[in-house]
Amino acid sequence: MDLDLDEGTREFQREVREFLAANVPAEPLPSMDTEAGFEAHRAWERTLAEARLSVVSWPREFGGRDASLLEWVLFEQEYYAAGAPGRVSQNGIFLLAPTLFEHGTPEQLERIMPRMARGDDIWAQAWSEPEAGSDLAGIRSTARRTEGGWVLSGQKTWSSRAAFADRAFGLFRSDPAAERHRGLTYLMFPLDADGVTVRPIPQLDGEPGFAEIFLDDVFVPDSDVIGAPNEGWRVAMSTSSNERGLSLRSPGRFSATAQRLIDLWTERGDTGTAARDAVVDAWLGSEAYRLHTFGTVTRLDEGGKLGAESSITKVFWSELDIAMHETALDLLGPEAEQASRWTDGYLFSLSGPIYAGTNEIQRNIIAERLLGLPRGSNR
């Protein structure tokens, strides 16, 4: 693609940079995995929304700017470079929103999107189950047809943001007699509904970044079905492609981390050729991912779609994240214990090969769907 930006795009980039310079909190917000931190991050989402910068690529009628995908990538680049707060709304704006834009009804868009853009509703994922994590087709939670809607029953686990979120989205088995990838319905539901119990799951730091969700005959109206009943697998694949391939882990995140790593290496002085080479590899990886994303933007602008190749992207960025943080900890040596930003980032990076579908499952997808190898040949 042509990386020479036109004046309108450069002006947008300047506006974003100036807004962030003036508005990013001087001190980091409390952890979003605490009740106080969650609300502080919700308030930040509203600050972004007031400037129409919370969802720049969305249509204006829903709180966006009709920004191009290129402008969105540049926004993300500026956002991470400025050290702006993490997006507590990411499940909604990066995963659910693209799904609704592709499969939702006009009524759903009008009802859900403005509240999502303002942070009025923060969304949790309700996909994984105790015996169905990366094997999403193995879910057992059910959706039973009733007058005017559905009755949900079952258990979801490892539901990110669910401890303090307002609503959730996920798949439910609506036709138990159907094949594994059929008879599934994609539904949304409020986390304060009758019959919903949310049980936080403490992480290593004691904070509840995830939760279990128990559903006991929870009524959901037909208006909260995304796509057609029993066609949930097809709908869900558009969500998972976004999670793995473009929106959830934009290149700006890794470019900013690589720059911090270069700064750390410079501060430490001569640390040997192995450390130097690891820092260079980190920069090369972040730059490769940035350029790959520009290529993806070009393909999508020309009418293409995200597909199974997003599994390659997911494996790449998750392993890059770990490698960059391990290099930083090697540079810090015994001082790493006091460098909370790097150690916290390292602990979080370890989850990358697990969420959004484990890398083992992604390699199966790459082998079978992209390389055409027989099932099980990559094991």
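These numbers come from the heavy atoms of this one structure, side chains and all, not from hydrogens, waters or symmetry mates. Note that the numbering runs from 1 along the sequence shown for the chain.
- Salt-bridge annotation for Arg363 and Glu319: present, with a side-chain N of the basic residue lying under 4.0 Å from a carboxylate O of the acidic one.
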Next item on the list: With side chain to side chain contact (heavy atoms under 4.5 Å, CB included) as the test, would you mind laying out the steps for Leu29 and His41 before giving the verdict?
Entry: CA-CA 7 Å; Leu29 298 180; His41 281 79; 3.6 Å; yes
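- For the salt bridge (charged side-chain N to carboxylate O under 4.0 Å, His left out) with Asp120, the lone residue among Arg167, Arg111, Arg46 that qualifies is Arg46.
- In this structure Phe219 satisfies the ring pair (Phe, Tyr, Trp, His ring centres under 6.0 Å) test with no other residue, sequence neighbours excluded.
- Using a distance-only test at 3.5 Å, with no hydrogens or angles considered, no donor-acceptor pair links the side chain of Arg17 to the main chain of Ala21.
- In this structure, a donor-acceptor pair under 3.5 Å is absent between the side chains of Trp44 and Asn23.
- No hydrogens or angles considered: nothing links the side chains of Glu207 and Thr34 as a donor-acceptor pair under 3.5 Å.
- Under 4.0 Å is where a charged nitrogen must lie from a carboxylate oxygen, and between Arg140 and Glu131 at least one such pair does.
- Ring planes of Phe12 and Phe75: tilted class, angle from 30 to 60°.
- Heavy atoms only, all atoms of each residue included: Ser174 and Leu184 are closest at OG-C, 3.7 Å.
- Judged by a 6.0 Å distance limit and a 45° cone about the ring axis, Arg144 is not positioned over the six-membered ring of Trp150.
- Between the side chains of Asp263 and Gln259, a donor-acceptor pair is found at a separation under 3.5 Å.
- In this structure, OG on Ser89 lies 5.5 Å from CD1 on Ile122, to the nearest 0.5 angstrom.
- Judged as a ring pair (Phe, Tyr, Trp, His ring centres under 6.0 Å), and not counting sequence neighbours, the contacts of Trp233 are His181.
- Taking the six-membered ring for Trp and thresholds of 30 and 60 degrees, Tyr186 and Phe169 have nearly parallel ring planes, at less than 30 degrees apart.
- Taking CZ from Arg268 and CG from Leu332, the interatomic distance works out to 5.5 Å, rounded to the nearest 0.5 Å.
- Hydrophobic clustering (side-chain heavy atoms under 4.5 Å, transitive across Ile, Leu, Val, Met, Phe, Trp, Tyr) groups Trp127 together with Leu100.
- In this structure a side-chain-to-backbone donor-acceptor pair under 3.5 Å is present from Ser54 to Ala117.
- With sequence neighbours left out, the ring pair (Phe, Tyr, Trp, His ring centres under 6.0 Å) criterion links Phe210 to Trp158.
- Transitive grouping of hydrophobic side chains (ILVMFWY, heavy atoms separated by less than 4.5 Å) brings Leu171 and Leu95 into a common cluster.
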Next item on the list: Begin from the C-alpha positions of Arg65 and Glu15 and carry the test salt bridge (Lys or Arg N to Asp or Glu O under 4.0 Å) through to its verdict.
Entry: CA-CA 13 Å; Arg65 291 191 175 215; Glu15 179 188 350; 2.7 Å; yes
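- Counted by atom type alone, Ser141 and Glu129 present one or more donor-acceptor pairs between their side chains at under 3.5 Å.
- Thr197 and Asp216 form no side-chain donor-acceptor contact under 3.5 Å, judged by distance and modelled atom types alone.
- Each of Ile112, Val88, Leu191, Asp166 was scored for a side chain to side chain contact (heavy atoms under 4.5 Å, CB included) with Trp123, with one residue passing: Ile112.
- Taking every heavy atom of both residues into account, Ser349 and Asp321 meet most closely at CB-OD2, 3.6 Å.
- Taking hydrophobic clusters as Ile, Leu, Val, Met, Phe, Trp and Tyr residues chained together by side-chain heavy-atom distances below 4.5 Å, Val279 shares a cluster with Trp342.
- Linking ILVMFWY side-chain heavy atoms closer than 4.5 Å, directly or via other members, places Met188 and Phe172 in two distinct hydrophobic clusters.
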Note to self: What verdict does the salt bridge (Lys or Arg N to Asp or Glu O under 4.0 Å) test give for Glu45 and Arg87, after you've listed the backbone C-alpha separation in whole Å, the side-chain angles of each residue and the deciding distance to 0.1 Å?
What the structure shows: CA-CA 7 Å; Glu45 295 293 332; Arg87 302 298 301 273; 2.8 Å; yes
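- Leu74 and Gln13 make their closest contact through CD2-NE2, 3.9 Å (heavy atoms, listed as atom of the first residue, atom of the second, distance).
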